[in-house]
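A quick write-up on the structure given underneath.
Each ligand, and each atom within it, is numbered from 1 in the order the structure gives.
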Amino acid sequence: MKEVRTRFAPSPTGFHHIGNFRTAIYAWLQARRWGGKFIVRVDDTDRERLVPGSVRYLIEMLQWLGIDVDEGPGPQELKEMGEWWPEAPMWGGQAGPYAQSQRKDIYKKYADELITKGYAYRCDCSAEMLAAEREEQSARKAPLGYSGRCRERNVSSDAKHVVRFKIPDNISMTLNDAVRGEIHWDNPSLRDTVLLKSDGFPTYHLASVVDDHLMKITHVMRGEEWLATTPIHLMLYEAFGWDPPIFCHLSQVLGRDGKKLAKRHGAEALTVWRDAGYLPEAVVNYSVLIGWSPGEGEEQEVFSKEELISKFSLERLNRAGGVFDIEKLLWMNGVYIRALSTQRFTELARPLIEQAGLNFDLAKWEVLAPHLQERTKLLSDLPGMVDFLFKNEIERDLGAMLGKGVDEAAAIRILELATNAVASLPEFEPKSLEEALQAVVAELGLKAGPVYGVLRIAITGKKVSPPLFESMAALGREVTLSRFRETLALLRGGSL
Ligand code: GLU
């Protein structure tokens, strides 16, 4: 069997969201599934839409996601694009360069070949002429597009010109798409499209077909928005006398409102997700499931990278658009956070806590870490959950203590009794704290919830916090008692 070779061919026109990276992930899975090669190619022929920094972004995000690449732009190519940085990967490869802007000679050669064979021609129509042509067509209510004026004019190569593809009038074509099945085109009204622009840059059609062929791509996996251009690509393969690859047009990723996925659906640049504490494993797992399922009736949703590779198949890609649901991703992120080792959890959490200006203390953290890991869905929520642990002064929402049988006098009483109960405990640890405070609840004749609510606000400042007894144990006896004292002073001073 031929070696499977897939590619991710992004245009560096901005900071792509998960919808684009999902295409890369599928192509990578297909390559890994069959022991093939995964290639990154930079489709940077549209010079007007280039966004500096987006190649580096694309590469860094692939690395963050854990998508390993076999061939792609090497250091020299990145330098020429102005996108090199010291830790850039050393990819390169036999089929390079992998940036289309550095393959102009190749496209020229193949455009010339098509001219020689009579499949393409030079056209020197000026922008004004083309505009006038369009105006005239629209006045006649005729379909817009190039008339073919230069088809037989034999324009000299010295003139400023573009190269156009000669598209036959009556064509019908069939594509056997790996995802969408058989697709027919009957006379798709295509006009003689430009293959090579007057500045020597190719258009997407020529560059894509030539590169996919020369790079020996076996499966072209791309978004379904490219389906409409596939007839042109098929005709180009035929004109060159090349076998076309297998095409897999992937369904769109949609937002929850059924519209094309965008930032407003939570699909930010991946750097935003990374910095918010999404784990790359969760992002990969979740995004694969947006348009693929392992099999009829299969309930499994959490897959290791190895499982995804061994189970991935083109046949199980969905034809219908998939909905991106950030809540589901958040849930899955929680699943992955729970599965981390405590050490890894700490390594990931610590910088976020320190960046929030808090004084990280490992001993205190370790008491709470397992409980935090249990309930965290997003690592960036952690600083707000544990700030009480690492701060000397906390702010308290005293009003939240009241209600459910607790008034100001009761709150004072709760804190007095709790102080007595825990001050002289032989061991200041969760189990004995729980027993001592249960006795306080019984003595007061109140419900546990409101009593613990008062204590929680006293030590953390908040209504919602990590588990109470563990939080007290993490703070230690001295700090716990001083926070009780401070709260009592506030209550007695009439702060409520
Ligand atoms: N450069 C195209 C894009 O930005 C690639 C389309 C393809 O994969 O052929 O999506």
Side-chain angles (χ1 to χ4, degrees), residues 4-31 37-51 53-59 61-62 67 69 71-73 77 81 83 95 97-104 107 110 175 177-180 183 193-195 197 201-237 242 244-253 260-262 267 269-270 287 291 314 317 321:
V4 167
R5 288 171 64 85
T6 61
R7 87 311 193 261
F8 176 46
S11 298
T13 53
F15 300 95
H16 295 307
H17 59 54
I18 191 61
N20 306 87
F21 283 98
R22 193 195 60 160
T23 303
I25 295 170
Y26 285 153
W28 168 76
L29 283 175
Q30 173 69 0
K37 295 282 187 308
F38 175 63
I39 294 144
V40 169
R41 184 176 78 218
V42 180
D43 280 7
D44 57 348
T45 55
D46 189 347
R47 311 303 289 169
E48 273 154 32
R49 292 176 59 225
L50 291 188
V51 173
S54 50
V55 173
R56 174 171 174 180
Y57 164 81
L58 283 158
I59 295 175
M61 290 304 103
L62 288 174
I67 307 298
V69 173
E71 296 171 33
E77 290 167 61
M81 285 186 270
E83 296 273 354
Y98 294 89
Q100 292 190 326
S101 57
Q102 292 162 43
R103 299 171 64 81
K104 278 164 77 181
Y107 308 125
Y110 284 99
L175 169 72
D177 190 273
V179 180
R180 328 200 79 77
I183 300 168
T193 186
V194 173
L195 297 176
K197 295 182 268 188
F201 274 96
T203 56
Y204 166 65
H205 311 300
L206 179 70
S208 187
V209 166
V210 166
D211 288 350
D212 287 339
H213 174 75
L214 295 179
M215 294 178 181
K216 299 191 167 56
I217 301 301
T218 53
H219 298 74
V220 167
M221 299 174 70
R222 62 185 175 199
E224 67 178 336
E225 65 273 23
W226 300 104
L227 191 57
T229 59
T230 307
I232 298 174
H233 297 192
L234 291 174
M235 282 186 268
L236 279 169
Y237 279 102
W242 297 336
I246 294 169
F247 285 97
C248 318
H249 286 96
L250 305 165
S251 312
Q252 274 193 332
V253 184
K260 193 168 171 234
L261 187 65
L270 291 193
S287 57
L314 298 177
L317 285 166

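Between the side chains of H249 and T230, at least one donor-acceptor pair of N or O atoms lies under 3.5 Å.
At most 12 heavy atoms of other shown residues, nucleotides or ligands fall within 6.0 angstrom of atom NZ in K216.
Near D43, the atoms of ligand 1 lying under 4.0 angstrom from a non-hydrogen atom of the residue are 1 (N), 2 (C), 5 (C). Close approach of ligand 1 to R222 (heavy-atom distance below 4.0 Å) involves ligand atoms 7 (C), 8 (O), 9 (O).
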When you look at D212 and Y237, which way does the side-chain contact (heavy atoms from CB on, under 4.5 Å) test go after all the steps? CA-CA 10 Å; D212 287 339; Y237 279 102; 3.5 Å; yes
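Ring centers of W28 and F21: at least 6.0 Å apart, outside the cut-off. Proximity of the aromatic rings of W226 and Y204 is defined here by a centroid distance below 6.0 angstrom, and this criterion is met.
Here the protein heavy atom with the shortest distance to atom 3 (C) of ligand 1 is W226 CZ2, 3.5 Å. For atom 4 (O) of ligand 1, the nearest protein heavy atom (residue, atom name, distance) is S11 OG, 3.1 Å. Protein heavy atom in closest approach to atom 8 (O) of ligand 1: R7 NH1, 2.7 Å.
Using modelled atom types, no side-chain atom of Y26 and backbone atom of R222 make a donor-acceptor pair closer than 3.5 Å.
Looking at ligand 1, you'll find an N or O of A9 within less than 3.5 Å of one of its N or O atoms.
Note on ligand 1: Y204 sits in its first shell, one or more heavy atoms being nearer than 4.0 Å.
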